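To keep things clear, I will list the structure first and then write my remarks on it.
This structure is a prediction, so every number in the text was calculated from the model and none was measured. Letters A, B, ... are given to chains in the order of the sequence lines, protein chains preceding strands, and every chain is numbered from 1. Side chains are part of it too, since the values below use all heavy atoms of this structure and drop only hydrogens, waters and symmetry mates.
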Amino acid sequence: MCSFCGFSPDQSSCNALFCVLVDAGACNAAKSLLDCPGFTPEPASLEDYIQCLSRAGMVEDAVDMLKRASFCPSVATWNASILGCLRAGRTDLIWTLYEQMTESGVVVSINVETVGYLIMAFCAENKVLKGYELLRELLENGLHPDNVVFNALIRGFCKERQYARVSEILHIMIAKQCNPDIFTYQEIINGLLKRKNSEGFRVFNDLKDRGYFPDRVMYTTVIKGLCEMGWTGEARKLGFEMIKKGFQPNEYTYNVMMHGYFKIGDLVAARKIFEDMCGRGYAGTTVSYSTMISGLCLHGKTDEAQSLFEEMFQKGIIRDLITYNSLINGLCKKGELVKATKLLNELLAQGLEPSVFSFNPLIKGLCEEGDTQGAIRLWKDMCDRHLEPTASTHDYIITGLCKEGNSLQGMEWLLNIPRWKLKPHEQTFEYLINSLSQEDRLDDILVVLDIIFRIGYRLNESTIHSLVSKFCRDSFHFPDLWLEKILERN
DNA sequence: ATAGGGTTAG
């Protein structure tokens with residue numbers, strides 16, 4: 001008997017039902033029908049089923065079906081599965097699929113769609129160069145992929161700041177008559193502006209001169225980039241231009257501008273935008289409030305930020321992790337650690353999952369206040385939640401320990417940072433060396449110096465002077481090799 | 001497919 005339909009249907013009814021379910025995109029129902037004893041769907045409907053699974057994001061099931069397939073799947077089915085994996089971010093599965101596909105006798109290299117997906121998979125794994133090599137192979141075979149694939153490569157090369165490659169791809173696109181579209185330009189402008197490269201703005205203006213019409217998203221993107229580069233004036237002009245072209249700024253645009261004004265410290269203008277947003281009904285969102293709160297905190301207006309935080313509660317606007325983190329950070333900067341701790345507890349009580357940014361400001365504050373042991377307790381709490389401390393977290397604690405005369409513990413902390421993890425700040429080492437030196441821990445200094453050299457840091461001149469004189473005064477054997485290293489590096 | 005808020009230390 002079938003657990004799905006409750007009776008034992010014959011093979012052909014099962015098949016008909018299976019087809020209907022697959023057509024309707026009801027993957028789960030179709031899946032349970034497969035458990036029907038003795039039911040073997042026809043290859044054609046199985047292929048449809050695999051494609052259906054892939055589209056629905058059930059990629060593991062799709063890959064599993066392909067693995068067990070007793071028939072030879074069509075290229076369309078392979079492609080659908082690969083695309084599904086790409087969308088689900090499971091590039092790992094793509095490589096197994098690719099292998100199987102080759103084994104089953106498909107000549108992948110001449111299949112533009114498949115190769116395109118593989119290129120995008122490489123890009124998603126930050127192996128853009130490998131994707132580029134595949135592109136070259138395609139071109140050698142007289143083929144070229146879709147714009148989407150070119151755009152992915154451009155995005156990848158922008159990320160790697162390989163701008164020569166970016167322009168090379170643009171030229172290939174034009175040569176192959178795949179005219180760069182609005183998305184292509186968006187990748188370039190985004191890719192450049194995100195990296196604070198003014199070239200992005202030039203490309204944008206060039207694009208307008210050539211008759212492309214930027215849309216609202218594009219305007220917002222460029223305005224954001226300009227704000228990040230500190231070109232708030234240009235950003236404002238662009239805002240007006242956008243309105244003149246008939247695009248009303250929406251909550252994204254407003255938010256980006258607000259952020260920009262906070263960045264240059266123009267609180268009046270930022271508040272004005274917030275009011276304008278209110279007037280248009282855009283301001284009542286978690287994001288707009290968070291922007292206000294973080295911006296106000298950035299300029300020490302913690303009280304105003306706190307009242308906005310309260311206002312959110314009264315208006316029933318959800319306060320999310322970023323809202324909490326913004327205010328926690330602001331309060332800590334002002335030394336209001338008790339309030340900040342209360343907020344952290346509130347965040348946890350709300351069932352929100354904290355992030356490193358929830359803990360870091362508090363750890364920093366506690367260390368500065370002289371309660372490094374309290375900071376270490378928080379650090380442990382953070383690690384118990386499987387949050388990875390940042391390099392600066394270590395900096396706060398090591399410096400804090402040194403300040404409290406615990407330079408030995410500071411050194412132990414340093415030694416406990418796993419090798420492969422982020423390295424502490426150069427200044428932290430300086431601090432540690434000076435503290436150890438004050439406590440006459442010459443052996444320990446040698447240990448720390450060894451780490452400094454291995455990382456490739458250099459020491460401050462005054463630190464070197466005091467170290468050398470200290471070692472000489474105490475007629476301590478200072479290894480010649482290290483003396484050489486110090487001198488050679490400074 | 002496309003856009004927004006939390007990161008150091010100066």
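Per the geometry, CG belonging to A:Leu296 stands 13 Å off P belonging to B:dG6, to the nearest Å. The interatomic distance linking A:Leu298 (CG) with B:dG5 (P) rounds to 14 Å, in whole Å. Atom pair A:Met312:CE and B:dG6:P shows a separation of 14 Å (rounding to whole Å applied). Regarding A:Asn151, its CG atom lies at a distance of 10 Å from the C1' atom of B:dA1, rounded to whole Å. For the pair A:Ile223 CD1 and B:dA3 P, the computed distance is 15 Å after rounding to whole Å. The distance from atom CD of A:Gln186 to atom C1' of B:dG4 is 14 Å, rounded to the nearest whole Å. Per the geometry, CG belonging to A:Leu193 stands 11 Å off P belonging to B:dG4, to the nearest Å.
Counting heavy-atom neighbours within 6.0 Å of A:Arg161 CZ, excluding the residue itself, gives a total of 12 or less. Counting heavy-atom neighbours within 6.0 Å of A:Lys245 NZ, excluding the residue itself, gives a total above 12.
Across all strands shown, A:Arg319 has no heavy atoms under 4.0 Å from either base or sugar-phosphate atoms. Residue-level contact check: A:Glu187 touches neither bases nor backbone, having no heavy atom under 4.0 Å from any strand. The residue A:Val287 sits close to a base: some heavy atom pair falls under 4.0 Å. Across all strands shown, A:Thr323 has heavy atoms under 4.0 Å from base atoms, whether or not it also approaches the sugar-phosphate. Nucleic acid contact class of A:Val356 (heavy atoms, under 4.0 Å, all strands): none.
Which of B:dG5, B:dT7, B:dG4 sits closest to the side chain of A:Tyr252 comes down to B:dG4. Nearest to the side-chain atoms of A:Leu321 among the listed nucleotides B:dT2, B:dG6, B:dA9 stands B:dG6. With B:dA9, B:dT2, B:dT7 as the choices, the nucleotide that has an atom nearest any side-chain atom of A:Asn329 turns out to be B:dT7.
Between A:Tyr98 and A:Trp95, the angle of the ring planes goes over 60°, which puts this pair in the perpendicular group of the 30/60° scheme. Classification of the A:Phe274-A:Tyr289 ring pair by plane angle, with boundaries at 30° and 60°, yields perpendicular.
Scanning atom types as modelled, no donor and acceptor separated by under 3.5 angstrom connect the side chain of A:Ser326 and the base of B:dG6. In the interface, the side chain of A:Thr220 is not paired with the base of B:dG4 through any donor and acceptor atom under 3.5 Å apart. Taking 3.5 Å as the limit, the base of B:dG4 and the side chain of A:Asn250 contain no donor-acceptor pair of atoms between them.
Close to B:dA9, at under 4.0 Å from its OP1 or OP2, lies a side-chain N or O of A:Lys364.
Looking at A:Asn147, its side chain does come within 3.5 Å of a backbone N or O of A:Asn179 through a donor-acceptor pair.
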